[in-house]
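As the structure lists them, so they are numbered: ligands from 1, and atoms in each ligand from 1.
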Amino acid sequence: MRLVIKFGGVPVKDGKSILNAARLAVDRHRRGDKVVVVTSAMAGITDELIEISHKLIEPRANPKQLISEFMDHISNKHFQACRVAIDDKDVLHQTTRAVKDALDGLERALTGIAHLGELSLRSQDLIMSFGERLSAPILAGAIKALGVPSCHLTGFEAGIITDERYTEARPKLERTRKLVRQRLSRLLAQGKLPVVTGFVAGTENGTVTTLGRGGSDYSASIIGAALKVDEIWIMTDVDGIMTADPKAEPSAKVIETISYLEATELAYFGAKVLHPKTIEPAMELGIPVRVRNAFNPSHAGTLIVKEPREIEGIVKAITASKEVAIITVGGPGMIGTLGVAATVFEILANANVKVLMISQSSSQANISFIVGRGDLETALRALHTEFAARHIDWRIDYDRSASVIATVGAGMKGTPGVAARVFGTMGREGINILMIAQGSSELNISFAVDERDAVRAVRALHAEFGLGASR
Ligand code: ASP
Ligand code: MG
């Protein structure tokens with residue numbers, strides 16, 4: 001079997017977990033599988049890299065001290081992981097040297113930022129890339145120490161070429177596929193078990209880019225599609241995609257099989273285990289994606305395929321995306337005006353604000369949409385500024401503490417009465433609905449509630465559609 005196995009976050013959080021990941025990959029290799037491993041940074045590292053780079057450009061920062069403290073911290077963490085994950089003196093020595101090289105590169109980059117006093121998206125990408133550039137050699141070292149030839153390479157070295165949209169770069173698919181196939185097939189043919197950095201890629205001329213936060217799932221899928229593997233495994237620390245967040249609903253269960261489209265909706269609406277873009281490259285070639293637990297490898301996980309053999313139930317899962325805000329643009333001046341939506345969304349797009357959900361009343365007296373809470377200030381500022389510049393007198397209101405509840409399932413398609421059940425349930429619970437949207441795909445009904453009602457809404461819907469019951 002040909003496999004791409006991606007480990008991220010908790011499954012590579014320390015030396016012990018990295019060794020566990022290495023054993024898993026080696027086990028598949030020894031069974032005769034052709035395996036490419038994709039890894040993300042050790043848990044929390046990407047956040048720390050972003051944090052330090054921002055601290056360095058603060059007005060009264062003491063860059064020397066900040067950098068030296070940070071370098072101590074990050075070096076200790078990675079060297080410690082090397083010692084725990086690698087039980088072979090020579091390999092340990094080699095790996096420590098590779099890690100040291102990456103650390104030197106990071107220190108130079110941080111120093112550069114401190115000198116310049118500014119942080120472009122391009123520099124941000126360079127800094128963030130070190131998370132994966134530090135974890136990949138350790139995982140490759142652990143595999144070698146277990147007796148299987150391995151090597152580590154960045155996503156760019158593996159052949160992932162992107163445009164120059166730093167921090168959200170998009171791969172040039174044709175070229176990427178060709179290069180990835182050439183380069184990784186060669187390594188596999190040599191009997192190697194390569195470890196590729198997720199998330200990290202590069203422009204045509206080699207400038208470092210990243211694929212967006214959480215993007216190593218996407219890297220795995222791009223590589224899996226290029227190699228036309230049999231399955232892409234996303235290894236995490238839960239048994240699969242669940243019917244709801246178990247923290248909100250303790251009776252939540254692992255979903256056995258789900259379609260690409262359902263999984264995409266779930267990922268998009270806050271099921272944290274999968275990056276929303278992961279499915280796209282796999283779906284194009286019909287490659288199954290499996291989400292499974294690195295710490296419970298006997299569990300089959302959730303299998304994501306084109307069309308599950310039978311559609312189980314009407315609704316598959318309920319998610320709540322927290323940390324969102326609703327903005328409403330309205331007022332009498334808007335009625336009958338053409339191009340309201342176009343104007344509003346153009347302004348937001350120019351400000352780089354992602355809109356997560358939209359609803360417009362048919363009187364056109366207002367238009368409401370959801371953005372990430374982190375984007376709220378940017379969105380409001382952009383709208384106020386542009387409206388003033390264009391002499392537009394539409395009113396802008398917002399509600400900063402909303403949550404989007406999404407009810408997802410292919411079985412909803414063409415089944416009448418699902419919306420009635422969803423909103424009837426909310427009515428019985430006395431939960432007020434702030435905004436509603438249903439995608440025309442009919443795969444999901446989503447609506448916004450006050451954040452304080454989110455858990456109650458998830459639990460009530462989970463019960464209404466019988467998701468916790470054994471099945
Ligand atoms: N390390 C990157 C991040 O934290 C990519 C990933 O984890 O998938 O966003
Ligand atoms: Mg992730």
Side-chain angles (χ1 to χ4, degrees), residues 4-14 17-18 21 36-54 70 74 77-78 81 99 102-103 105-106 109 119 121-140 152-156 158 160 162 165-171 195-202 208-224 232-238 241 263-264 267-268 270-282 289-294 323 354 372 374:
V4 168
I5 310 183
K6 178 259 167 179
F7 296 95
V10 177
V12 290
K13 75 173 192 298
D14 53 20
S17 315
I18 293 177
V36 173
V37 166
V38 173
T39 185
S40 77
M42 288 175 73
I45 295 294
T46 311
D47 288 331
E48 289 180 26
L49 290 166
I50 294 172
E51 195 191 352
I52 180 75
S53 50
H54 280 98
F70 183 75
I74 197 163
K77 183 155 183 170
H78 287 87
V99 168
L103 287 166
L106 171 61
L119 184 64
L121 292 179
R122 177 176 161 159
S123 324
Q124 183 73 87
D125 263 355
L126 174 65
I127 300 291
M128 285 195 293
S129 74
F130 283 100
E132 277 73 11
R133 286 157 75 184
L134 285 163
S135 61
I138 308 179
L139 184 46
H152 59 91
L153 50 172
T154 67
F156 173 72
I160 304 182
T162 69
R165 284 189 19 147
Y166 297 103
T167 72
E168 288 282 346
R170 282 178 299 214
V195 178
V196 182
T197 64
F199 182 53
V200 180
V208 175
T209 57
T210 67
L211 303 178
R213 291 304 309 273
S216 41
D217 295 350
Y218 188 33
S219 307
S221 181
I222 293 168
I223 291 172
I232 297 161
W233 291 359
I234 306 293
M235 307 304 289
T236 165
D237 59 341
V238 290
I241 301 180
T264 306
Y268 188 75
K272 288 257 162 45
V273 287
L274 200 65
H275 188 279
K277 281 192 209 150
T278 316
I279 297 301
E280 201 183 284
V289 177
R290 212 181 264 281
V291 176
R292 50 194 317 187
N293 192 343
E323 305 282 305
K354 268 193 216 150

Taking 4.0 angstrom as the limit and counting only heavy atoms of [X], give me the atoms of ligand 1 inside it, by number and element.
| X | answer |
| --- | --- |
| R213 | 3 (C), 4 (O), 9 (O) |
| F199 | 2 (C), 5 (C) |
| S216 | 5 (C), 6 (C), 7 (O), 8 (O) |

R213 with D47: basic N within carboxylate O range, under 4.0 Å: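 Here R213 pairs with D47 in a salt bridge, since their nearest N and O are under 4.0 Å apart.
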Which segment of S40 sits under 4.0 Å of ligand 1 when only heavy atoms are counted: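 Side chain only.
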Side chain S40, main chain G9, donor-acceptor under 3.5 Å: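 Yes; judged by distance alone, with no hydrogens or angles, the pair exists.
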Side-chain donor/acceptor of E132 to backbone N/O of A41, under 3.5 Å: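 Side chain of E132 to backbone of A41: a pair is present.
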Any N/O pair T46/ligand 1 closer than 3.5 Å: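 It does: an N or O of T46 is found under 3.5 Å from an N or O of ligand 1.
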Under 3.5 Å: N/O of G214 near N/O of ligand 1: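 N/O-N/O distance under 3.5 Å: yes.
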Test side chain to side chain donor-acceptor pair (under 3.5 Å) applied to D125 and T210, step by step: CA-CA 6 Å; D125 263 355; T210 67; 2.6 Å; yes
Name of the residue among K6, R290, K277 meeting salt bridge (charged side-chain N to carboxylate O under 4.0 Å, His left out) with D217: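 Looking at K6, R290, K277, the match for D217 under the salt bridge (charged side-chain N to carboxylate O under 4.0 Å, His left out) is K6.
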Proximity flag E132 to ligand 1, non-hydrogen atoms under 4.0 Å: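 A heavy atom of E132 does come that close to ligand 1.
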Any G9 heavy atom less than 4.0 Å from ligand 1: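 No heavy atom of G9 comes that close to ligand 1.
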Residue list, salt bridge (charged side-chain N to carboxylate O under 4.0 Å, His left out) with R170, at least two apart or on another chain: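 Partners of R170 under the salt bridge (charged side-chain N to carboxylate O under 4.0 Å, His left out) test: D163.
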